[in-house]
Amino acid sequence: MARRGGRPEPLLSLGVCSAGWLEAHLDELIAAAARAQLDGEALLHFDVRSDNLCLHDGRALLVDWNWTMRGNPQLELAGWLPSLHAEGGPAPEAILPDAPELAALVAGYFAAQAGLPPIEAAPGVRGVQLAQLRTALPWAARALELEPPG
């Protein structure tokens, strides 16, 4: 794993996959994520999850727009689906089928973040990211037809 330059220990400490599974599939996950179509003109919140929603007068409003960007609207959807599933919603591929590259990209993001030290100003974020990773990594494995993480 050292040939990739990253340290796997933070991810492996979470228990979402084994070192052997990561070694066997990391190159394919990275390659798929690199193929993800990110370009687009849609306004993206890029942090859609339940704690960034406010219900008001029968409408759902997104709050906390510090990650705003323009891009592929499917990227917004792919980023939200692990949160939706973690809170009892459908599996990501039920809403966004045939998106292995986006699944790999989202899984990679949560894999890189969830094992980091807590954020002092937002100590609950790593736990939310771990919950999202527990959905995103198996989704990426299914979408890429890999064995389940273990």
Side-chain angles (χ1 to χ4, degrees), residues 6 8-22 24-26 28-38 40 42-150:
E9 293 82 9
L11 171 61
L12 295 175
S13 74
L14 300 172
V16 295
C17 68
S18 67
W21 186 91
L22 187 61
H25 301 296
L26 185 57
E28 189 170 355
L29 288 161
I30 290 171
R35 293 188 306 267
Q37 176 60 41
L38 306 179
L43 176 64
L44 306 181
H45 180 276
F46 210 59
D47 196 17
V48 178
R49 52 180 211 251
S50 64
D51 61 327
N52 283 336
L53 292 173
C54 179
L55 301 178
H56 180 70
D57 289 335
R59 295 177 23 196
L61 306 170
L62 284 171
V63 298
D64 192 10
W65 283 82
N66 59 321
W67 291 99
T68 303
M69 65 182 75
R70 288 188 327 196
N72 177 356
Q74 286 194 327
L75 179 58
E76 183 87 278
L77 182 58
W80 171 57
L81 291 175
S83 178
L84 178 66
H85 185 266
E87 293 184 359
E93 61 268 28
I95 294 175
L96 190 60
D98 304 319
E101 293 85 5
L102 290 173
L105 183 72
V106 169
Y109 172 78
F110 290 123
Q113 298 299 311
L116 296 177
I119 301 167
E120 189 174 318
V125 167
R126 298 296 183 227
V128 171
Q129 290 171 335
L130 176 57
Q132 292 169 308
L133 175 60
R134 286 185 174 138
T135 292
L137 192 58
W139 173 32
R142 290 188 304 271
L144 293 168
E145 299 180 355
L146 307 176
E147 64 185 297

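Not measured: the values here are computed from a predicted model. Side chains included, hydrogens not; waters and symmetry mates left out as well; all remaining heavy atoms used. Nothing fancy with the numbering, it's 1 onward along the sequence.
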Of L75, T68, N66, which is the lone residue that meets side-chain contact (heavy atoms from CB on, under 4.5 Å) with F46?
-> L75
Whether [X] side chain and [Y] backbone form a donor-acceptor pair below 3.5 Å:
X	Y	value
N52	D47	yes
S13	P10	yes
W21	P148	yes
R126	P117	yes

Would you name the heavy atoms of [X] and [Y] that are closest together and state the gap between them?
X	Y	result
V48	E76	CG2-OE1, 3.5 Å
L144	E28	O-OE2, 3.8 Å
A136	A107	O-CB, 3.6 Å
A33	A104	N-CB, 3.8 Å
A114	L133	CB-CD2, 4.2 Å
A78	W139	O-CZ3, 3.7 Å

Determine, step by step, whether C17 and L11 satisfy the side-chain contact (heavy atoms from CB on, under 4.5 Å) criterion, reporting the C-alpha distance in whole Å, the side-chain angles of both residues, the deciding distance to 0.1 Å, and the verdict.
-> CA-CA 8 Å; C17 68; L11 171 61; 4.2 Å; yes
How long is the straight-line distance from [atom2] of [Y] back to [atom1] of [X], given to the nearest 0.5 Å?
X	Y	atom1	atom2	result
L77	L102	CG	CG	9.0 Å
L105	Q37	CG	CD	11.5 Å
D98	Q74	CG	CD	10.0 Å
E101	L29	CD	CG	11.5 Å
D64	C54	CG	SG	12.5 Å

Trace of the side-chain contact (heavy atoms from CB on, under 4.5 Å) decision for I95 with L84 | CA-CA 11 Å; I95 294 175; L84 178 66; 3.7 Å; yes
Please lay out, stage by stage, how R134 and F110 fare under the test side-chain contact (heavy atoms from CB on, under 4.5 Å).
-> CA-CA 9 Å; R134 286 185 174 138; F110 290 123; over 6 Å; no
Below 4.5 Å, heavy atoms only, C-beta onward: do L62 and L53 meet side chain to side chain?
-> yes
Does a side-chain heavy-atom distance below 4.5 Å link V16 with L130?
-> yes
I'd like to know whether [atom1] of [X] has more than 12 heavy-atom contacts from other residues, nucleotides or ligands below 6.0 angstrom.
X	atom1	value
W80	CH2	no
R35	CZ	yes
E9	CD	yes

Which is it for E147 and H25 under the side-chain contact (heavy atoms from CB on, under 4.5 Å) test, yes or no, and what are the steps along the way?
-> CA-CA 9 Å; E147 64 185 297; H25 301 296; 3.1 Å; yes
Starting from the C-alpha separation in whole Å, work towards a yes-or-no answer on ring-ring contact (aromatic ring centres under 6.0 Å, His included) for W65 and H45.
-> CA-CA 6 Å; W65 283 82; H45 180 276; 4.7 Å; yes
